[in-house]
Amino acid sequence: MRSLLAAGLMCVCVMAVAATKTSAQGGGQAAPLQNLQVLPKDMARPDVIALMRTFTLALGVQCTHCHVGTPQERFKDDLPAKAMARKMLKMMTAINADYMGVKAGEPNKATCYSCHRGALKPLTAPTAAAGGF
Ligand code: HEC
Ligand code: HEC
């Protein structure tokens, strides 16, 4: 009985590991990205995800602020925030290239965080605490 239970547990564990692997692959390298309109179409998934993490930190939101559904459905365009983020990406690229002299391949000088500072609505003036009024 004991050894049967142990064997059963082992089996569940192995299945869990297998399931983790599959889902890691499902969200991982294999599938090409389907709906990049502003970013380079051949941008690798890990690079896109790394950029997306900078969005969540810069704006103080979760992935789901801009994306509906499962991690496999990030290509969908259901939320207005995603459309706004595309405009913001274009604006940010223009600020860096046209006004800051940043060349292709160089790190950006102006980023989402430069304005947003962890908030969805950037401040337009110093807070009272910072001497504003
Ligand atoms: C502020 C909005 C925003 C947030 C937050 C955000 N994304 Fe995105 N995401 C976008 C936009 C905009 C695009 C499309 C970019 C383009 O068109 O070039 C995109 C595209 C993607 C894609 C490519 C999908 C495809 O197949 O075309 C993936 C994957 C993705 N995001 C994952 C994530 C993950 C994971 C998170 C959380 C860590 C996240 N995103 C957070 C705005 C966001
Ligand atoms: C030059 C400053 C600036 C930069 C850089 C910038 N933003 Fe914004 N962003 C704003 C302002 C201003 C608003 C409008 C907020 C409001 O409506 O009060 C805004 C609004 C947004 C919104 C809509 C907010 C909401 O309620 O959903 C999203 C999403 C967004 N920005 C994403 C980004 C992303 C992603 C980046 C980097 C690619 C970025 N922004 C870079 C200034 C900036």
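Basis for what follows: all heavy atoms, side chains included, without hydrogens, waters or symmetry-related copies.
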Checklist entry - Backbone N or O of L36 within a donor-acceptor pair of the K41 side chain at under 3.5 Å? => result yes
Checklist entry - How far does CG of N108 sit from OG1 of T54, to the nearest 0.5 angstrom? => result 9.5 Å
Checklist entry - Any side-chain heavy atom of M92 within less than 4.5 Å of one from C112? => result yes
Checklist entry - Taking it one step at a time, do D77 and Q37 satisfy side-chain contact (heavy atoms from CB on, under 4.5 Å)? => result CA-CA 11 Å; D77 286 339; Q37 297 178 19; 3.5 Å; yes
Next on the checklist: Membership question, hydrophobic clusters at under 4.5 Å side-chain separation (ILVMFWY): are L79 and V61 in the same one?
Outcome noted: no
Checklist entry - Would V102 and M88 show up in the same hydrophobic cluster when neighbours are defined by side-chain heavy atoms closer than 4.5 Å? => result yes
Checklist entry - Atom CZ in R74, atom OG1 in T64: separation rounded to 0.5 Å? => result 7.5 Å
Item to check | Any side-chain heavy-atom pair of H67 and M52 under 4.5 Å | outcome: yes
Item to check | Side chain to side chain, L120 and M84, heavy atoms closer than 4.5 Å | outcome: no
Checklist outcome for this item: Smallest heavy-atom separation, H65 atom then A81 atom, equals O-CB, 3.4 Å
Checklist entry - Distance from Y99 atom OH to K109 atom NZ, nearest 0.5 Å? => result 15.5 Å
Checklist entry - Does one hydrophobic cluster hold both M100 and M91, with members joined at side-chain heavy-atom distances below 4.5 Å? => result yes
Checklist entry - Which distance, rounded to the nearest 0.5 Å, do you find between the OG of S114 and the CD1 of I95? => result 8.0 Å
Checklist entry - Hey, quick one: are F55 and L39 part of the same hydrophobic cluster, counting side-chain heavy atoms closer than 4.5 Å, chains of contacts allowed? => result yes
Checklist outcome for this item: M43 and L33 have their tightest heavy-atom pair at O-CD1, 3.8 Å
Next on the checklist: Looking at K82 and V68, would you say the former's side chain and the latter's main chain have a donor-acceptor pair under 3.5 Å?
Outcome noted: no
